[in-house]
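Here the structure is laid out as structure tokens; the discussion comes afterwards.
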Amino acid sequence: MSNFPSDKPVLITCGLPYANGKCHIGHLRTYVPADIFVRSLRKQGQEAAFVCGSDAHGTPIVVNAEEQKITPSELVNKYHQHFEKIFKAMEVEFSIFGNTDSPTNHARTNSIVEALINGGYVYPQVIRLAYCPHDERFLPDRYVEGICPYCGKVARGDECDQGCGKHLEPGEIKSAKCRICGNPAEYREQEHFFFKLSAFGDYLSDYLKTLGGTSNAINYAKVWAKELKDWCITRNLEWGVRFPGHDDLVVYVWVDAPIGYISFTEEWANKTGGDWEKYWRRDSRIIHFIGEDITYHHCIFWPAMLKGAGYTQPWAVVASGMLKIDDKKFSKSRGFVVWVDEDYLDHGFHPDLLRYYIANYTSHTKELNFSWKVFQDKVNNELVGALGNFLHRTQHFTHKNFGAVPEGRIDDEILEKIKSTIDTVICAFDEYEFKKATDAMMELAQFGNAYFQSHEPWALIKKDKEACARVVKNCLQIGKALVLLFEPILPGNMEKAWKQLGLPGDVHSARFENALTEFPSMELSAPEILFTKIEDKKIKEMEAILDKRIKIAMSKEKKHTEETKEEKTEITYEEFQKLDIRIGKVLSAENIKGSDKLLKLEVDIGEKRQIVAGIAKSHAAADLVGRQVVVMANMKPAKLFGVESRGMVLAADGEETVLLMPAKEVKEGTRVR
RNA sequence: AGCGGGGUAGGGUAGUCAGGAUAUCCCGACGGGCUCAUAACCCGUAGAUCAAUGGUUCGAAUCCAUUCCCCGCUACCA
């Protein structure tokens, strides 16, 4: 049983692209399936609004704009236009593509924040914040660098990015430094505002039971809903939406960004004479398509905000799995990235090919691996060999032998097959299973090829033209069904195919069920080829581009680490004396499970110490027992692989890690200087 | 070790939530066929102890328990 069409208004949104970088295939991982979904709804007779827009605020945009010496607004506009252009080229057709810096969004954000304040969900609290005395400013989020209070690693202000990955609330970071001038920051007290997320625990637990969408999103959220911390929702920035009544504060970007979904709906409704409130104030079906990295914001923070302000909460959250390039984690700086413009569209690839790849490679919630070789295989075998070839051979044969679509009825067997394919496809779309849907479509194309083959119309035409006409008519019917079914995935080529077959009306607004109504008898022209094979040469060329980028990135990274290594400053004798270096004797040594580098040692340095050393590759555990080593005794204790290490065994760290040892046996605990 | 994702034929991948009879699809290998079609297409064969062990069950890839192995946790990010 399908969820659609529904008598409730349906709104689809996509996670907003952040306007500080170019569009890559990772983005499309979310936007293309969302577009396919919307098209499939229309094919089921379901009207749906489809909104998205640029996320314009937040610290990274300000930092980035400062680096480029342009205004944040100029930076945002640049990328806003870029994304708009790419979406159009990729046939991702939003009802509206807005911008969170629009007056509508400022106004809507204000009104929602005020509603939250009036509802008692926002409270002020004085917190200690990093402040740069040199630049005379508070340092929000990424303006500050320091030490994570949880794991002790270098982190940026809003997140422990290099260590434990925890979200950091403003003021939590230790030993803060200003990212602009590099000077140490002071802490100053300032009043900020917090959203009482903790008050929504029970509500969210209940809400998540009814929330639709994909399990990867909802299961995570259920765990998070159990422990909720209030969120600081104000920042010391110029760029953003002003916090009501406080000219020196803007709201946190994760407040005004999702509100964009509402304000874009408003803008679209105003333009088309629609009513935005039917989506956001009354019973509706709001479906958010997102990347799984922003699940927390969409399943926890956002519904709580909507609930608190009296708006309709999402009906479903559909989270796509992440993207890999050649089986490697997607990474711009490491070169594992495929840009949609310069690496794809500019090379003349049709958007439909990539749309098919994204929809068909794997299930929507799993990791999608992009490789040019697989891309070529899928295009050549599936789009060209199965689908393109069937449409072409059918139309070509009919045109050549009949010149028109023959009269006659469609066999029940064929109609049954088409009907069951439509059912499977609709069912799959209902579950956001785009691979299942496209597999079912492709299966119909293969059925068509097999039908054509086994009924041998080329032989029938010579002896029984009537029987031949029946076969041809059936094939044309399958062809028509295929064009309708594939339209959400391959809108450009299916439009072409629809016109080529001479079918009446617009393929985009035609419904799936139209596939069961008889192919009208009329003149039929010769077909043009829809999909062409991709040559090996082209794929090699594309792979070379990717390889080159990875190599450049690798050499850059190497340079960078070498540079930081060379940066050794001179120290005084006093500073050296702080180091407690001693001779110790290894009492026992064993490998640590799960690590190929680490050994757990017990060392006597005048006292017994457990030390973890990364020397397993060059020293066997058994060989070490009884030997003397050099130990840094006053190292801050650390946990490696869950094993505590109190001290550090010194070694020459070249290509091989070689332990230092005293030239002669000395007493355990002897100081080194 | 923790957190997350995985382990299904030579490669990739579906099925796992809601257990059911010959385990899906694409490529590759092998054999055959067809000739309308973009050297496309169709049919067939071989190839998987569904990571392992134990349990629940009439029945387990699927549920439960334990173990092993692989990947990510360095930013930018959907």
Side-chain angles (χ1 to χ4, degrees), chain A residues 14-18 20-21 23-34 60 64 142 153-154 156 159 161-165 215-216 218-220 289-294 319-324 327-334 337 360-363 365-369 371 373-374 376-378 380-382 384-386 388-401 433 435-436 438-440 442-443 446 448-461 468 471-472 475 527-533 557 560-561 592-595 598 639-644:
Chain A
C14 278
L16 310 184
Y18 201 41
N20 74 339
C23 185
H24 48 74
I25 296 190
H27 288 100
L28 299 182
R29 174 73 166 126
T30 298
Y31 304 127
V32 164
N64 201 346
R142 295 181 196 194
K153 291 217 171 145
V154 175
R156 49 174 218 238
E159 189 186 345
D161 50 357
Q162 302 187 30
C164 59
S215 57
N216 57 337
I218 294 144
N219 291 346
Y220 274 105
F289 277 73
I290 59 168
E292 69 183 4
D293 53 336
I294 49 175
S320 48
M322 293 288 121
L323 178 89
K324 286 170 133 188
D327 249 345
K328 299 286 179 344
K329 191 180 147 73
F330 162 80
S331 162
K332 285 187 216 169
S333 57
R334 280 194 206 154
V337 60
N360 187 259
Y361 181 82
T362 190
S363 150
T365 56
K366 293 204 176 173
E367 269 178 349
L368 183 149
N369 183 36
S371 102
K373 187 84 197 83
V374 178
Q376 182 193 27
D377 274 356
K378 288 191 95 67
N380 290 0
N381 295 316
E382 298 166 37
V384 177
N389 185 238
F390 175 73
L391 292 175
H392 186 259
R393 77 198 290 201
T394 297
Q395 186 168 353
H396 181 90
F397 185 89
T398 313
H399 166 73
K400 205 170 86 183
N401 293 290
E433 292 287 359
K435 178 171 174 59
K436 268 191 200 166
T438 43
D439 275 349
M442 213 36 103
E443 208 264 328
Q446 271 152 0
N449 273 323
Y451 178 86
F452 200 112
Q453 187 76 23
S454 60
H455 287 76
E456 301 185 337
W458 60 88
L460 279 179
I461 190 74
C468 180
V471 170
V472 158
C475 286
E528 269 172 48
I529 282 172
L530 296 170
F531 301 100
T532 49
K533 283 203 168 184
E557 197 168 90
H560 180 74
T561 52
I592 290 178
K593 246 202 247 174
S595 165
L598 298 182
K639 256 192 172 179
L640 299 164
F641 269 60
V643 182
E644 191 177 45

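In the text below, chain A, chain B and the rest are named by the order of the sequence lines, each starting its count at 1.
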(message) Within the 4.0 Å heavy-atom criterion, would you say A:Ile290 contacts the bases, only the backbone, or no part of the nucleic acid?
(response) sugar-phosphate
(message) If I pick the C1' atom on B:U62 and the same atom on B:U57, what distance separates them, to the nearest angstrom?
(response) 13 Å
(request) Ignoring backbone atoms, establish whether A:Lys366 has a side-chain N or O less than 4.0 Å from OP1 or OP2 of B:A14. (result) yes
(message) Measuring only the P atom in each nucleotide, how far is B:A46 from B:G10? A whole number of Å is fine.
(response) 15 Å
(message) With the six-membered base ring of B:C36 as reference, does the ring of A:Phe397 sit under 5.5 Å away with planes under 30° apart?
(response) no
(message) Base of B:C36, side chain of A:Gln453 - is there a donor-acceptor contact under 3.5 Å?
(response) yes
(message) Holding to side-chain contact (heavy atoms from CB on, under 4.5 Å), I want the full list of residues that pass it with A:Met442, two or more places apart in sequence or in another chain.
(response) A:Tyr356, A:Glu382, A:Leu383, A:Ala386, A:Leu387, A:Ala445, A:Phe486
(request) For A:Glu456, enumerate each residue passing the salt bridge (charged side-chain N to carboxylate O under 4.0 Å, His left out) test, keeping only those at least two apart in sequence or located in another chain. (result) none
(message) What contact category does A:Glu456 fall into here, base, sugar-phosphate, or nothing, at under 4.0 angstrom with non-hydrogen atoms?
(response) nothing
(message) To check you understand the geometry: which heavy-atom pair defines the closest contact between A:Cys475 and A:Phe390, and what is its length?
(response) O-CZ, 3.6 Å
(request) May I ask you to evaluate whether A:Asn389 reaches the phosphate of B:A37, defined as a side-chain N or O under 4.0 Å from OP1 or OP2? (result) no
(request) Kindly say whether, by distance alone, the side chain of A:Thr362 makes a donor-acceptor pair under 3.5 Å with the base of B:A14? (result) no
(request) Name all stems that contain residues of RNA chain B, defined as runs of 3 or more consecutive Watson-Crick or G-U wobble pairs, both distances under 3.5 Å. (result) B:2-7 with B:68-73, B:10-12 with B:25-27, B:29-33 with B:41-45, B:51-55 with B:63-67
(message) Taking only side-chain N and O atoms of A:Gln446, does any of them lie within less than 4.0 angstrom of OP1 or OP2 on B:C26?
(response) yes
(request) Quick one: label A:Asn20 by what it contacts on the DNA or RNA (base, sugar-phosphate, nothing), any heavy atom closer than 4.0 Å. (result) sugar-phosphate
(request) Compare side-chain N and O positions of A:Lys533 against OP1 and OP2 of B:A40 and report whether any pair is under 4.0 Å apart. (result) yes
